[in-house]
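For the numbers below, each heavy atom of this structure counts, side chains included, while hydrogens, waters and symmetry mates do not. Every value quoted in this text rests on a predicted model; they were computed, and no experiment measured them. Just so you know, ligand 1 is whichever comes first in the structure, and atom 1 is the first atom listed for that ligand.
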Amino acid sequence: MVSKKNVDRVSLKQQTSRAVSSVDQIREFFSENTELFSDPDQIMPAILDGQLCLDMIATVAVAQQPQIKRVLDLGCGGGNASNLLLQKLQSKAPNLRNQLPDVNLTLVDLSREMLQTAEKSLAKRTSGIIKTHAQDIRKLSLKENHYDVILCSLVLHHLRHEREWLDTYKQLHTALRPGASLFVFDLVDITSSSIHQDAYTRYGQYLSKTVDDEYRDFVFDHIKQEDTPRSLLWQIDQLRAIGFSEVDILHKHLCYAAFNAIK
Ligand SMILES: C[S@@+](CC[C@H](N)C(=O)[O-])C[C@H]1O[C@@H](n2cnc3c(N)ncnc32)[C@H](O)[C@@H]1O
């Protein structure tokens, strides 16, 4: 669980109030807080149903892509999403029990510190090749028709303008091989002001209960300063318009959602 003690122990470096963070500020923030964001036990309880959603994504990914070989993890952080996927893959294949799955991983993150942590941890979970790219997802040049699974966990909400969202989703569609799967877990916007208010009241109560009011304020300030999410329905519409053949929702809880699109 996220406890006040845990938060203090990793000495979370809070950013000062200002307009929405730049790419450099986001990189700096995550690089300074690598330990916290790499530890699912510390960070996931602050995110509504975070662990559940990553677990659902891993389970569905293995079911949709049993011959999974190439995975792209965007904004991989410490590798939490890929880690769960590889664990699930190993547990679903009894003949692999004493063998690591042979999955090639491409990890992308702004922060070199995050990438180093992810690579170290994921090297224990796959016998495949791990490639790391310290890059902004907006500047990626991805291979076409290549990946079996693309994971985007808690990263796309850093995209700003509509054009960036559309270009990113188009590029992900192109990078997937036909029949391959995209999974997104993220903070989502709520366009109705009454539903938004209710959702954030409930999320705030959850954060206060899980840690304390100070932590709730920190999380809310952070969202305000750094995050520009789009609504779940807007994203679903764009994915359909771009050409994904099946788009479906895995889970939604207040301002967080997990969803899946098949090329
Ligand atoms: C909240 S962490 C999530 C990490 C991981 N996916 C997880 O679920 O635990 C967000 C990560 O996205 C990275 N990130 C944010 N904006 C990015 C961008 N434009 N391009 C690449 N990585 C980005 C950050 O450096 C950070 O490591």
Side-chain angles (χ1 to χ4, degrees), residues 2 10 12-13 15 20-58 61 71-87 105-122 125 131-142 149-161 163-169 171-172 175 182-188 218-219 222-223 225-230 250-251 255-259:
V2 173
V10 295
L12 194 58
K13 293 163 185 83
Q15 296 177 322
V20 185
S21 305
S22 67
V23 168
D24 286 342
Q25 286 165 327
I26 293 171
R27 181 189 299 107
E28 192 184 338
F29 174 76
F30 283 105
S31 296
E32 285 182 347
N33 292 291
T34 301
E35 188 187 336
L36 173 66
F37 283 93
S38 305
D39 182 353
D41 288 341
Q42 291 197 60
I43 200 62
M44 283 304 166
I47 294 158
L48 295 167
D49 293 342
Q51 206 56 30
L52 169 71
C53 286
L54 290 190
D55 197 71
M56 290 174 85
I57 286 174
V71 174
L72 170 65
D73 189 342
L74 289 184
C76 64
N80 297 333
S82 291
N83 221 315
L84 263 177
L85 176 60
L86 292 170
Q87 282 182 49
L105 290 174
T106 304
L107 308 175
V108 177
D109 203 285
L110 286 174
S111 157
R112 286 187 195 282
E113 286 80 356
M114 282 293 200
L115 285 168
Q116 280 164 7
T117 306
E119 189 176 14
K120 199 170 156 206
S121 132
L122 294 168
R125 298 247 171 242
K131 288 189 178 156
T132 62
H133 300 278
Q135 224 176 350
D136 185 338
I137 57 172
R138 284 165 283 222
K139 306 244 166 87
L140 285 176
S141 172
L142 297 171
V149 169
I150 298 182
L151 302 169
C152 302
S153 169
L154 300 168
V155 62
L156 298 180
H157 63 260
H158 293 109
L159 295 173
R160 304 296 183 222
H161 307 293
R163 194 68 262 153
E164 295 175 355
W165 282 84
L166 296 180
D167 288 349
T168 301
Y169 272 140
Q171 168 136 231
L172 300 189
L182 168 69
F183 291 92
V184 179
F185 168 55
D186 217 339
L187 180 73
V188 290
F218 164 73
V219 172
H222 183 78
I223 289 175
Q225 288 163 26
E226 196 171 291
D227 302 342
T228 47
R230 295 274 162 158
L250 295 171
H251 188 74
C255 48
Y256 286 92
F259 48 101

> Give the ring-plane orientation class for Phe37 versus Phe29, where under 30° counts as parallel, over 60° as perpendicular and anything between as tilted.
perpendicular
> Between ligand 1 and the protein, give all atom pairs where both partners are nitrogen or oxygen and the distance is under 3.5 Å, as lines of names plus distance to 0.1 Å.
| residue | atom | partner | partner atom | Å |
| --- | --- | --- | --- | --- |
| ligand 1 | 6 (N) | Gly75 | O | 2.7 |
| ligand 1 | 6 (N) | Ser153 | O | 2.8 |
| ligand 1 | 8 (O) | Ser153 | OG | 2.5 |
| ligand 1 | 9 (O) | Asn80 | ND2 | 2.8 |
| ligand 1 | 19 (N) | Asp136 | OD1 | 3.0 |
| ligand 1 | 20 (N) | Ile137 | N | 2.9 |
| ligand 1 | 22 (N) | Leu110 | N | 3.2 |
| ligand 1 | 25 (O) | Asp109 | OD1 | 2.5 |
| ligand 1 | 27 (O) | Asp109 | OD1 | 3.1 |
| ligand 1 | 27 (O) | Asp109 | OD2 | 2.7 |

> Any chance you could lay out the side-chain hydrogen bond (donor to acceptor under 3.5 Å, both in side chains) test for Ser22 and Gln25, step after step, and finish with the verdict?
CA-CA 5 Å; Ser22 67; Gln25 286 165 327; 3.2 Å; yes
> What residues, two or more places apart in sequence or in another chain, satisfy side chain to side chain contact (heavy atoms under 4.5 Å, CB included) together with Ser31?
Arg27, Ser111, Glu113
> Among all residues two or more places apart in sequence or in another chain, which pass the side chain to side chain contact (heavy atoms under 4.5 Å, CB included) test with Pro40?
Met44, Gln51, Asn80
> What residue pairs, at least two apart or across chains, pass salt bridge (Lys or Arg N to Asp or Glu O under 4.0 Å) with a residue in residues 133-142?
Asp136-Arg138, Arg138-Glu164
> To the nearest 0.5 Å, what is the distance between CG (Leu85) and OG (Ser153)?
12.0 Å
